[in-house]
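Everything below concerns the one structure shown next.
Basis for what follows: all heavy atoms, side chains included, without hydrogens, waters or symmetry-related copies.
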Amino acid sequence: MPQSTVRARELGELLRSRRERLQPADVGLPTGTRRRTRGLRREEVAQLAAISSTYYTYLEQGRDVRPSRQVLDSLSAALRLDATERSHIHQLIHGAPPAETPAVAETLSPAVVSLVDRLDPCPAYVTGRCWDVLASNRAARALWTDWPARPPEARNLLWWMFTDPGARQVMVDWPAEASALLGRFRTAAARHPGDPGFSTLLERLHGASPEVRSWWPQYRVVPLSSGTKRLRHPVLGEIELEHVVLQLADDPERKLVTFTATAQDQARISQLL
């Protein structure tokens, strides 16, 4: 039997075993009724990996179709494979583990930074793939925290949310906001299996926050979305802000978040600045 056929069958067995160990709730899908399949359905995995159900079925059946590295990464994220499992399936099909992208400091173009500044007095900030705050305008710094004044390792929205006592004062509904942020982080981490930026931050959060240690095993996944936030300020009191999340075309992992308040509250923010 050709070696490629043996490897294709081994890949199929691994995919099936990992599919059967996951439940719909683990990946943010509704459970539904009358489920006869153990774990996820094949079409659900295909949907999560953005491939056709037929193609995924071929892979599980062990057909020698040689998926690309991009498809293997999509399957790794869909099936919540860890770094070792991801490396293994790349080794099986392509004879070598995936090339890891070296961690580099995230930067923004001057045009994006200028745009954020021009949005004053409407609060705005940009976060990177791990929610490092890469830019913020005066209104955002006045309402949340002075990001540039924080140590570089603390200029992160999750780190601020879970370790800075000020976050619990600023966010009126801190438990809901913190839990949702952690769920969005998990969703993003699934797209980057093996990325040391995510694993390092998660390890730090586990060591510093009892809420992260308690909530992470619940496996909540939350998509990026717009909505409403309620903030508390020592001068302005409680204010409600509508926010919109925009992903930068040059790098969708960088998110521009803009906020608007009522005309009265917006005027008060202007006076504060």
Side-chain angles (χ1 to χ4, degrees), residues 70 73 99-164 166-167 170-171 177 180-182 184-185 187-192 194-202 204-205 222-229 231 233 235-236 239 241-263 265-273:
Q70 182 179 2
D73 281 340
E100 295 294 348
T101 302
V104 295
E106 292 181 286
T107 59
L108 291 176
S109 70
V112 175
V113 176
S114 177
L115 170 62
V116 172
D117 289 338
R118 291 199 306 271
L119 288 172
D120 267 329
C122 294
Y125 56 75
V126 177
T127 59
R129 72 184 192 284
C130 293
W131 273 263
D132 289 328
V133 178
L134 306 178
S136 58
N137 62 11
R138 289 188 301 150
R141 296 194 294 270
L143 295 179
W144 275 263
T145 186
D146 189 351
W147 298 105
R150 299 171 66 86
E153 68 276 7
R155 297 171 192 168
N156 179 277
L157 198 58
L158 282 111
W159 188 254
W160 174 77
M161 183 74 80
F162 284 100
T163 69
D164 191 327
V170 171
M171 309 307 298
E177 292 286 349
L181 180 61
L182 190 64
R184 287 190 286 271
F185 177 75
T187 303
R191 296 193 300 269
H192 301 276
D195 188 320
F198 286 90
S199 57
T200 299
L201 177 57
L202 182 60
R204 291 174 61 210
L205 289 168
V222 179
L224 289 175
S225 62
S226 303
T228 302
K229 293 188 185 298
L231 273 59
H233 187 271
V235 176
L236 302 179
I239 58 174
L241 300 167
E242 296 288 335
H243 74 278
V244 175
V245 181
L246 304 173
Q247 293 173 285
L248 302 189
D250 293 340
D251 185 350
E253 294 297 342
R254 297 178 187 180
K255 291 83 63 180
L256 168 62
V257 189
T258 65
F259 298 81
T260 56
T262 64
D265 281 341
Q266 201 65 62
R268 295 170 64 218
I269 295 173
S270 298
Q271 292 175 354
L272 180 69
L273 300 182

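Leu241 CG to Cys122 SG: the interatomic distance, rounded to the nearest 0.5 Å, is 9.5 Å. Rounded to the nearest 0.5 angstrom, Leu256 CG and Leu119 CG are separated by 6.5 Å. Note that CG of Leu143 is 4.5 Å distant from CD1 of Ile239, once rounded to the nearest 0.5 Å. In this structure, the separation between CZ on Phe162 and CG on Leu182 is 4.5 Å, given to the nearest 0.5 Å. Between the OG1 atom in Thr163 and the CG atom in Leu205 there is a gap of 7.5 Å [rounded to 0.5 Å]. Of the inter-residue distances, the one linking Lys229 atom NZ with Glu177 atom CD reads 3.5 Å to the nearest 0.5 angstrom.
The minimum heavy-atom distance between Ser136 and Ala140, with the atom names listed, is CB-CB, 4.3 Å. The minimum heavy-atom distance linking Ala142 with Leu273 is given by the pair CB-CD2, 4.1 Å. Contact record, Pro121 with Ser270: CG-OG, 3.1 Å, taken as the closest heavy-atom pair. Shortest non-hydrogen contact noted between Ala188 and Arg129 is CB-O, 4.4 Å. In terms of heavy atoms, Ile269 sits closest to Ala139 at CG2-CB, 4.2 Å. When all heavy atoms are compared, the tightest approach of Leu108 to Ala135 is CD1-CB, 3.6 Å.
Remark: the backbone N or O of Glu253 is paired with a side-chain donor or acceptor of Asp251 at under 3.5 angstrom. Looking at Ser114, its side chain never comes within 3.5 Å of a backbone N or O of Pro110 through a donor-acceptor pair. In terms of modelled atom types and a separation under 3.5 Å, the side chain of Arg155 and the main chain of Leu134 share no donor-acceptor contact.
Proximity of Thr145 to Val133: side-chain heavy atoms (C-beta onward) are nowhere separated by under 4.5 Å. With contacts defined as side-chain heavy-atom distances shorter than 4.5 Å, the pair Val222/Arg184 qualifies.
Sorted by first and then second residue, the salt bridge (charged side-chain N to carboxylate O under 4.0 Å, His left out) pairs with a member in residues 107-125 read Asp120-Arg138; sequence neighbours excluded.
Scored by the ring-ring contact (aromatic ring centres under 6.0 Å, His included) test, Phe259 finds Tyr125, Trp144, His243 as partners (sequence neighbours excluded). When the ring-ring contact (aromatic ring centres under 6.0 Å, His included) test is applied to His233, no partner is found at least two apart in sequence or on another chain. Val170 pairs by the side chain to side chain contact (heavy atoms under 4.5 Å, CB included) definition with Trp160, Leu231, not counting sequence neighbours. Qualifying side chain to side chain contact (heavy atoms under 4.5 Å, CB included) partners for Ser226, counting only residues two or more places apart in sequence or in other chains: Val244. Residues satisfying the side-chain hydrogen bond (donor to acceptor under 3.5 Å, both in side chains) test with Gln266, not counting sequence neighbours, are none. Residues forming a side-chain hydrogen bond (donor to acceptor under 3.5 Å, both in side chains) with Asp164 (at least two apart in sequence, or on another chain): Arg150. Gln247 is linked by a side chain to side chain contact (heavy atoms under 4.5 Å, CB included) to Leu224, Pro252, Lys255, counting only residues two or more places apart in sequence or in another chain. Taking the side chain to side chain contact (heavy atoms under 4.5 Å, CB included) definition, one finds that Gln70 meets it with Ser68, sequence neighbours left out. By the side-chain hydrogen bond (donor to acceptor under 3.5 Å, both in side chains) test, Thr228 is found to be paired with Glu242, residues two or more places apart in sequence or in another chain being considered. For the side-chain hydrogen bond (donor to acceptor under 3.5 Å, both in side chains) test, residues two or more places apart in sequence or in another chain that qualify with Arg268 are Asp265.
Relative ring orientation between Phe185 and Phe198 is described as tilted, the plane-to-plane angle lying within the 30° to 60° band.
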